[in-house]
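Residues take their numbers from the sequence shown, with the count starting at 1.
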Amino acid sequence: RVLRLCSTMWRGCRAAARGVPCGVTLRPSRPSLRLKEKGLRFAAGSSGTQQTLTELWASGASLTEVVQESLARTAKADRHEWLLRLPEQRVLEQAAAVERRAAAMGEEERASKLPLMGMTFSVKDNIAVAGLPMTNGCDYRSGGAPVPSTTAAAVTRLMEAGAVLVGKNNMDCAATGLVGIRSVYGAVQNALDRDYISGGSSSGSGVCVSLGQVSFSLGTDTAGSGRVPAMLNNIVGLKASRGLISTHGLAPACRSLDCISIFATSVPEARTVLQVASGDGRDDAWDRAPGALTMGPRLPGLGAAKFTFGVPSKEFLDFSSFGAVAQHRAAAFAAAWAASVKALEAIGGTCVEVDYAPFQHTARLLYEGPWVAERYSGLQDLFKTNPDAIWPTVREIVEPGKSHSAQQAFEAYYRLQELKVAADRAMAEAGAQVLVTPTAGMTYTIKELQADPIALNSNMGRYTNHMNLLDLCGIAVPTVFTSIGLPFGVTVSAAAGSDAFVCDIGSRLHKASGLTVGAMSSTIDAVEEAVAKRFPKSTFLQGVPTFKIVVSGAHMEGLPLSWQLTERGGCFVRRARTAPMYKLLAFEGMKPPRPGMAGLGFEESKEHGRSIEVEIWELPAAAFASFCNLVAQPLGIGWVHMEDGSKVQGFRLVDHGADSAGGVGAAGEAEGANRKLPTEISEHGGWRNYLAKT
């Protein structure tokens, strides 16, 4: 409240000094209220005091109220972020339809079938919505834009899950650019500072999320377009594994590499959207079912987060190499990178240096190799019929693609395969689980970019262009504001299938930053609290084969062996209790100590059976065999009867004659009377209670 009051007083003083009535809202070109002590920064003007739509929904507002607020904010849009906004009545009708569906459901069914209820969203204008013109950022001001008859599969899934579509966003022409100024519909201005670029090509999609106009948006990411706008507008950008979100209904840039990406104010929101948007691999020839990928590890929900992250070798982190016009910003960006690395270490990461040469060589292939021919393929009809509809710089970049030969294409594919092997080797030799880079090493003003449109745009992709060629997934998260008041962030990336792992790291890093989100005054802590309150917890993507397992001791969340679950991609589901038909024994001699849960016969359980507190975890089915190999004698995996009448596979005591160290057989018998037997601890009701009391 104090901050908002100060902001209001500050604007009033500025207004009075200029002779403007204090009731008029000023929009200064350079937002400047910043709290250096906590790293917080608010955009000045009306957007700087807004809460997120997620917080509004969590406060108890109805869906219609959330939608009305979203519409009110989009009506004030003035940064060229929108190309098409749906009529207000049509948007409200969507909301009413969702509310009617929700009213006919119970709470559990509603959470399952309408997980995105309470969210509004927009899409980049290269993603199809039936009946709406799709410009792909090209010049159709005189008409003639294609009007698709079907809606993109990902958009359909989101709307079926309760999200309300508001409109379509401006973008760099033909999704070719990382700057946001290559559009005849206006250069999209940065959400925090109008003088600066917004990033592209998903420029409008990033800005409208940063300004709180929608809950999330869809962009695309072929070369970094789903990550660069995230950093420049202080939001999260998730580029999932290639093909997880169907590219059905997407106007192709490089069809073999294209991804639909997600912009949100927090990682949990982006994960929730991914959970819904991911398909079954059947909508488009380039789609991949989640079950076809090997799922990566997870971070534990409780306790220390231990992971190893690689960073580019120092020669690839020269922040003074981004052009003469940016020299005065180089030191600030270098310091922001150093602070980001320290923040990763503070949340439990171990930093190692990785040979970045294979990644950089791969990045150059995207625009210096025959993949430009793939871009030309996507635009060839427009080149033939209406070349003037294509932004001049984009024409200059893409048109030479028609001269590449088939021989050059094959040679480039051979080179790419060599670089993939080299990149994998560099990560393995460093022992890195993820690669962390600056999302962008620099930013520029719109005027600077207009003066040197190709070279400076190329600089923006230095740390992004390699990702889809190497089949990586990644998430861009804010980490700090530079000393000159510009946002900075990093991208956490890993092999395809590691989406949950990079999100786990990104979420902890973003939360630790304590930053405000986007151009709003809400903090990341407040947003994540709101997400937890009103949106279901995301677990595994649809279609991933999984199994549930009951753990009752050292594998419980935050205890010494839980890493054996998280290392295999396991995630905690819930606490539970068994049926009252077990006794619990403590094997104190095992390392680490752990309990054994022994089943009792029907008659014995009537008198001596106890209900034991346990946890239910979920793991990818592919991890079952390797996990079973870790189960130590005298334990095994068997059916566990639960208090609610269900049965779940879990840890059981199978060698009832074991000593307290788990020894059985000849070795145990030889010790004879000296054998120490396990202690029954059933009266404690569970392993955690036993540890707490002893």
Original post:
Between Asp283 (side chain) and Ala153 (backbone), is there a donor-acceptor pair under 3.5 Å?
Top reply: no
Original post:
Between Glu618 and Thr546, do the side chains contain an N or O donor and an N or O acceptor separated by less than 3.5 Å?
Top reply: yes
Original post:
Which pairs pass salt bridge (charged side-chain N to carboxylate O under 4.0 Å, His left out) with one or both residues in residues 84-100, sequence neighbours excluded?
Top reply: none
Subject >> Thr272 and Glu269: side chain donor to acceptor below 3.5 Å >> reply: no
Original post:
Does any donor atom in the side chain of Arg194 or Gln189 lie under 3.5 Å from an acceptor atom in the other side chain?
Top reply: yes
**OP:** Assess the side chains of Thr54 and Ser215: does a donor N or O sit below 3.5 Å from an acceptor N or O?
**Re:** no
Original post:
Is a side-chain donor-acceptor pair under 3.5 Å present for Asp287 with Ser246?
Top reply: yes
Original post:
Just checking, Arg534 and Trp57: is the charged tip under 6.0 Å from the six-membered ring centre and within 45° of the axis?
Top reply: yes
**OP:** May I ask you to check whether Lys124 and Ser202 show a side-chain donor-acceptor distance below 3.5 Å?
**Re:** yes
Original post:
Looking only at heavy atoms, what is the nearest atom pair of Val527 and Ser522, with distance?
Top reply: CG2-CB, 4.2 Å
Original post:
Does the distance from a Lys or Arg side-chain N to an Asp or Glu carboxylate O, for Lys168 and Asp125, drop under 4.0 Å?
Top reply: yes
**OP:** Report yes or no: do Asp499 and Ser241 form a side-chain donor-acceptor pair below 3.5 Å?
**Re:** yes
